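Working notes for the structure below.
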Number of protein chains: 2
Amino acid sequence: MRIDEDIDKAAIRILHDLTGLDNVFLDQLKTFGRVDRHPMGRVVTTAFYSLINQTKYNPRPASWAVKARWKSLAELHEMAFDHRELLQTALDALQSQVRQKPIGFELLPEEFTLAQIQNLYEAVLNTQFDKANFRKKILSMGVLKPLDKTEKAVRHRPARLYRFDTQRYYSLAKQGFLFEL
Amino acid sequence: MRIDEDIDKAAIRILHDLTGLDNVFLDQLKTFGRVDRHPMGRVVTTAFYSLINQTKYNPRPASWAVKARWKSLAELHEMAFDHRELLQTALDALQSQVRQKPIGFELLPEEFTLAQIQNLYEAVLNTQFDKANFRKKILSMGVLKPLDKTEKAVRHRPARLYRFDTQRYYSLAKQGFLFEL
DNA sequence: CCAAAAGTGTTGTTACTACACCCATGA
DNA sequence: TCATGGGTGTAGTAACAACACTTTTGG
């Protein structure tokens, strides 16, 4: 972080410099400050995590970060320093946040099917949901706006598309409504 | 924080130096790093919050912090710098944490009555609960160990005392059980 | 017509709410 | 014996889980 830069701004800038990404969900996670966490000396790191929709955003790694690319969790092997711990903290935070705030939609296209949300939640929470019950629950929250559109070119009945209704969510939230999957 | 000191250790030390308190619940909250948050220059603060049981711990303010004392929220007026924001962040975190982790018991004596827990939750969450339903719910979690003791010297039917069963909580938590008020 | 996934309805069970009531104690 | 809070039971309702079933598309 620069001497004349807010910490949040620094996180945005660093993510942008590394990947070219901008205007993405970014949330402060935790500050890691064990004395021995870096072999070269004292380094205190405030970690942030971001949720990025691969269909909407195209990462362009900086020249000094050419090896930056998408990896599945399974692909990750050794990580530097205590970065495995940082990652685990982020995953825990994600699992806990995704159940009480509608941040899951950050990972979906603007328009999505109910099956896509369900798959997302099943992946993030590492569980299985009953299709009928899941859609009843998520629709009953009233924050999904059904569109007059369907999927195209699938070899089965095409699914209706939905949009997350931000306006509606905030007006409900103001009245004490809790998003809770 | 000292150059050779873990950030968590620093928080423990500072709390101890200021108040004499030791071995209390202490959790990292968030790191505040706006450029303009301190008029004297750039200050980045990692805030922690602590839950302290007044009946168990006796704060002894350091000589250079003689004005340190307990204040109710209502008593708080102006606070320095962005400390009002820090406090609000802590309160929000407390409300959200207390509903999903059994940290409320940090604020109670070792042995407590069900009415005490209920009062605590009502105060923290700023709500009211039905007595019968609240006790059914909290008892059904199975993490309260009933004692063969009751209150003394009350001019009504004395209430049974309970203890939070840490062992049991951890063994349940390992099986995926979620504390949720 | 078939396979595949979308989408709906029903039924039984569990959890929650509201509220009435009894109990034990000190004054 | 009264006031006060401790403690319990029940009935109605809402939420949830399981599962069977119908619908619509492409091949």
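Order of the sequence lines sets the chain letters (A, B, ...), proteins ahead of strands, with each chain counted from 1. From a predicted model like this one, the values you see are computed outputs, not experimental measurements.
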Item to check | Any residue of residues 171-181 of chain B with a heavy atom less than 4.0 Å from an atom of DNA chain C | outcome: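 None, since no heavy atom is under 4.0 Å.
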
Checklist entry - For residues 144-159 of chain B, which residues have at least one heavy atom under 4.0 Å from DNA chain C? => result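 Those residues are Val154(B), Arg155(B), His156(B), Arg157(B), Pro158(B).
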
Look up atom [atom1] in [X] and atom [atom2] in [Y], then write down how far apart they are to the nearest 0.5 Å.
| X | Y | atom1 | atom2 | answer |
| --- | --- | --- | --- | --- |
| Asn58(A) | Leu21(A) | CG | CG | 8.5 Å |
| Arg60(B) | Leu18(B) | CZ | CG | 15.5 Å |
| Leu73(A) | Leu87(A) | CG | CG | 6.0 Å |

Checklist entry - Going by the angle between their ring planes, with limits at 30° and 60°, are Phe179(B) and Tyr169(B) parallel, tilted or perpendicular? => result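 If you compare the ring of Phe179(B) with that of Tyr169(B), the planes turn out perpendicular.
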
Checklist entry - When you measure from the side chain of Asp130(A) to the backbone N and O of Asn133(A), does any donor-acceptor pair fall under 3.5 Å? => result yes

Next on the checklist: Treating Ser50(B) as the side-chain partner and Phe25(B) as the backbone partner, does any N or O pair qualify as donor plus acceptor under 3.5 Å?
Outcome noted: yes

Item to check | Criterion side chain to side chain contact (heavy atoms under 4.5 Å, CB included) against Phe134(B), the qualifying member of Ile117(B), Leu139(B), Leu114(B) | outcome: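 For Phe134(B), the side chain to side chain contact (heavy atoms under 4.5 Å, CB included) check succeeds only for Ile117(B).
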
Item to check | chain B contact limits on DNA chain C, taken 5' to 3' with a cut-off of 4.0 angstrom to heavy atoms | outcome: dC16(C) to dG26(C)

Checklist entry - Which residue lies toward the 5' end of DNA chain C, Ala132(B) or Ala132(A), if each is placed at its nearest nucleotide? => result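 Residue closer to the 5' terminus by nearest nucleotide: Ala132(A).
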
Checklist entry - Taking it one step at a time, do Arg37(A) and Thr45(A) satisfy side chain to side chain donor-acceptor pair (under 3.5 Å)? => result CA-CA 10 Å; Arg37(A) 60 182 293 276; Thr45(A) 295; 2.9 Å; yes

Item to check | NZ or CZ of Lys131(A) within 45° of Phe129(A) ring axis and under 6.0 Å | outcome: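 So Lys131(A) doesn't make the cation-pi contact.
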
Next on the checklist: Between Arg99(B) and Leu178(A), is there a side-chain heavy-atom distance shorter than 4.5 Å?
Outcome noted: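 When only atoms from C-beta onward are counted, Arg99(B) and Leu178(A) do touch, with a gap below 4.5 Å.
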
Checklist entry - Is there a side-chain polar atom (N or O) of Lys131(B) under 4.0 Å from OP1 or OP2 of dG7(D)? => result no

